[in-house]
Amino acid sequence: MEIMTFNIDEDRRNLVDDKQNFNIDFHDSKYNWLQARQYEESMRQVEVHVVHGNGSPVDLTGVNPVFEGWLPEGLYRIIDAKHSVMIDAQNGIFRFDFPAPAFQIAGSYKQAFFRLMKDGMSVTTLEFSLDVMADKVISGLVPSDYMTPFEDLYLKLKDYIVKSNGDFDTAMTQWKKDVANLITGLNDDIGGINLTITEIKTQLASLEDKIKADGLATVADLTNMLNPIIDRLDKLEAKEKSSDLLTDVGGGIRDIFTSQISNMKARINPDLVNIGMINDVHYTDRDSFWGPDNDAETGITHLLNIGEVSEKLDFAVSVGDNIDDNNKDNHFSIKRIEDYGMTWFTALECPSAVLLGNHDDNSSHAKSSGATGNDYLVPDSKFIQAYRQNVNLFGEKRNGNSNYFYYDIPNKKVRVVGINDYENPNTLDSDGNLKYPRINTSVITGAQLKWLATDALNVSADTHVIVMLHCPIDGTLKDNPTEHCYNHDVLKQLLEAFKNGTSGTLTSSTTDFPVNVDYSFANKGTLIGVFAGHTHTEEYQVINGINYVVNLNSVGCAGNAGNRILYFDTKDEDSWSVIGIDTANKKVKLTKFGRGTDLDFTY
């Protein structure tokens, strides 16, 4: 058995000279290598040792080693997640038994390495040289992509259908969850995702023919069930083109931010739990109050700025007003929402989420009844897709496809709770006007408050909770610019009950959105703080023992009509924060990028 040793801290290679004709030079003796003959199976094994820079072993406890390879012809790929055997996890040793599909084509692999997966994160080894010698005596496998995650997934689908007893809808619901989990498990690896998409589409087409032939479901049933999956796959497939998006929209990262980005990276303390927060980007493709003439697209480039430091973050949230509602046709707003979501989830290299703001749904232009008025409003289904609320890419927990969520940072005892304070229904009043326009009305429903009381805030005694939302909770600011806030008072009471460890029942003071929620917190909760945006100002105060923080806007403009201050094309154009949490000492270090003042407080 061959033994391979990889130093994941110090192993390095030069970049290839020609990315189009990708070819790694393996003549250097430092590279591991393996030779096999076509169609060998299982008995060709390697023992892999993974070490740190000082030679100490990497603890592989809980790690799943995945072999990834690009076959000699450069047409097919291998992703094998099931043929590794952990020999001594704590000492960084595992065995990999190469399956026959790894030796389909004679020649030298374009690229071969191991990806070490754990909790949705990954690190890769350096490539090793893998040569497959020709076998002219026998013929074996037909060359094709081979991905064990997908092989397992397709077998699951067939098994679900067999066991569904005619309940095809239930079978497909379970399988859709499996597809989403698989995509998450691939850790946003574009090559792996696109291979998955291709294979799933091929197999779905085959399955469609079989279902039609066997009469397992009507064509209409099949179409309704499969279209959401195909739509999801098409959106993921578009990620391959995201590099064009990131360079085309606003021109990519701009020179005015280069030194600030480097400085921000140096200021992030790796010993803390670090959460990125950006809000009020107001991305739009037309001139608006928030942008100077011909310069309004710059806002989306700010996502690239936070993306550049995101490898140092444990989590990040875009906290509403992601786009601006200056369009009298919702098609412009929908396109901007899709661009925003695509850019956000592509630019960031850490788990993340997006919350709604009062400007995101174009409600300022949707105040009248009739087809024209309704066309102004962006439907919630568009946010579900663009903000990945139906996928849970990083294992966040939601209430169905809700915009609100919570996310537990692995091994850090910190839970991030994202609140949607814009659950406004699209109800019309007696005059035919939108009754609860998000532009000036914030609604938190009883369903979300119940979920908070029984699920999101139901944590162990040693878990620290941080709450994030777009509109500051009414009553925590000197001057809240939102005209109508429904159930903000109930939310404030619930958070105080969590912090104090009390029990009781909450009811609302309004009949529009009733609340009747029982809560019972056996222990005093550890509430880091409540972080909001919306006002385009920065503010901090403590109320009943809870830290309330308002974060500055990212869009490069401050002030009100007639009193605007523009920061465009200066280093102060952008503003966002990294919330550094010291759980041992219960301290927070709020570090600002661009405009704004750093803030320190205890909790």
Side-chain angles (χ1 to χ4, degrees), residues 275-282 290 317-322 353-361 363 403-406 416-424 436-445 448-449 452 456-457 465-499 506 508-510 513 515 527-555 557-560 575-577 579 588 590 592 595-597 599 601 603:
I275 299 171
M277 176 180 178
I278 189 170
N279 53 273
D280 297 277
V281 175
H282 288 278
W290 302 116
V317 186
S318 179
V319 191
D321 278 4
N322 309 302
V354 183
L355 291 171
L356 280 172
N358 60 303
H359 282 270
D360 289 330
D361 73 341
S363 64
N403 181 250
Y404 55 89
F405 67 91
Y406 70 81
V416 182
V417 177
I419 290 176
N420 177 15
D421 47 357
Y422 291 95
E423 294 186 280
N424 307 34
Y436 308 102
R438 283 181 172 130
I439 190 64
N440 61 3
T441 307
S442 171
V443 174
I444 305 170
T445 67
Q448 182 176 184
L449 290 163
L452 284 167
L457 296 177
V465 175
I466 179 172
V467 174
M468 307 179 83
L469 73 170
H470 180 68
C471 180
I473 298 175
D474 197 31
T476 64
L477 285 177
K478 297 175 183 177
D479 183 19
N480 192 335
T482 300
E483 296 176 24
H484 308 287
C485 294
Y486 292 91
N487 292 331
H488 279 226
D489 55 338
V490 184
L491 173 60
K492 185 170 178 287
Q493 293 173 51
L494 182 61
L495 294 177
E496 290 174 0
F498 168 72
K499 180 173 177 59
L506 294 172
S508 64
S509 58
T510 174
F513 303 99
V515 175
L527 184 57
I528 298 166
V530 180
F531 293 75
H534 184 54
T535 66
H536 295 210
T537 60
E538 57 183 0
E539 187 172 334
Y540 166 72
Q541 61 178 324
V542 182
I543 302 175
N544 295 335
I546 297 177
N547 296 288
Y548 291 93
V549 181
V550 179
N551 201 44
L552 269 177
N553 54 312
S554 173
V555 69
C557 174
N560 298 309
S575 179
W576 43 268
S577 300
I579 306 165
V588 170
L590 190 72
K592 293 292 184 74
R595 282 173 290 121
T597 306
L599 175 67
F601 61 86
Y603 61 91

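The first residue of the sequence shown is numbered 1, and numbering continues consecutively from there.
- In this structure, CG in L590 is found 11.0 Å from CG in N547, a value given to the nearest 0.5 Å.
- Partners of D421 by side chain to side chain contact (heavy atoms under 4.5 Å, CB included), not counting sequence neighbours, listed by chain and number: S442, I444, L469, H470, C471, H488.
- For the pair N322 (side chain) and V281 (backbone), a donor-acceptor distance under 3.5 Å is absent.
- Taking both residues in full, the closest heavy atoms of R438 and S363 are given as N-OG, 3.3 Å, listed atom of the first, atom of the second, then distance.
- The distance from atom NZ of K492 to atom CG of N487, rounded to the nearest 0.5 Å, is 14.5 Å.
- Summarising the geometry, atom CD belonging to Q493 is positioned 5.5 Å from atom CG belonging to L506; distances are rounded to the nearest 0.5 Å.
- The OG atom of S554 sits 7.5 Å away from atom CZ of R595, with the distance rounded to the nearest 0.5 Å.
- Scanning both residues, L552 and H536, for their nearest heavy atoms gives CD2-O, 3.7 Å.
- Summarising the geometry of T537 relative to V550, their closest heavy-atom pair is O-CG1, 3.4 Å, with the distance given to 0.1 Å.
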Practice item. Report the C-alpha separation of N279 and L355 in whole Å, then their side-chain angles, then the decisive distance to 0.1 Å, and conclude whether the side-chain contact (heavy atoms from CB on, under 4.5 Å) test is met. Key: CA-CA 9 Å; N279 53 273; L355 291 171; over 6 Å; no

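- Qualifying side chain to side chain donor-acceptor pair (under 3.5 Å) partners for Y436, counting only residues two or more places apart in sequence or in other chains: D512.
- Between I439 and H359, some side-chain heavy-atom pair lies under the 4.5 Å cut-off.
- When each of I543, L477, V467, V542 is paired with Y548, the side-chain contact (heavy atoms from CB on, under 4.5 Å) condition holds for I543 and for no other.
- For Y404, the ring pair (Phe, Tyr, Trp, His ring centres under 6.0 Å) test picks out W451, with sequence neighbours left out.
- For Y603, the side chain to side chain donor-acceptor pair (under 3.5 Å) partners are H464, not counting sequence neighbours.
- Of all non-hydrogen atoms in C485 and T482, the two that sit nearest each other are SG-CG2, 3.8 Å.
- F531 places none of its side-chain heavy atoms less than 4.5 Å from the side chain of V319.
- Closest non-hydrogen pair, K499 versus I546, comes out as CD-CG1, 3.7 Å.
- When the side chain to side chain donor-acceptor pair (under 3.5 Å) test is applied to N424, no partner is found at least two apart in sequence or on another chain.
- Between the OH atom of Y406 and the CD1 atom of I419 there is a distance of 14.0 Å, given to the nearest 0.5 Å.
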Exercise for review: Report the C-alpha separation of D474 and D489 in whole Å, then their side-chain angles, then the decisive distance to 0.1 Å, and conclude whether the side-chain contact (heavy atoms from CB on, under 4.5 Å) test is met.
Suggested key: CA-CA 7 Å; D474 197 31; D489 55 338; over 6 Å; no

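- Side-chain atoms of N403 come within 3.5 Å of backbone N or O of L356 as a donor-acceptor pair.
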Check your understanding: Going through the distances and angles, do D360 and Y422 end up as a side-chain contact (heavy atoms from CB on, under 4.5 Å)?
Key -> CA-CA 10 Å; D360 289 330; Y422 291 95; over 6 Å; no

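- For E538 (side chain) and G596 (main-chain N/O), no donor-acceptor pair under 3.5 Å exists by modelled atom type.
- For the residue pair F498 and L457, the shortest heavy atom distance occurs at CE1-O, 3.4 Å.
- Counting only distance, with no hydrogens or angles, the side chain of S577 and the backbone of M277 share no donor-acceptor pair below 3.5 Å.
- Interatomic distance, D280 CG to H534 NE2, rounded to the nearest 0.5 Å: 8.0 Å.
- Applying the side chain to side chain donor-acceptor pair (under 3.5 Å) test to S508 and every residue at least two apart in sequence or in another chain returns nothing.
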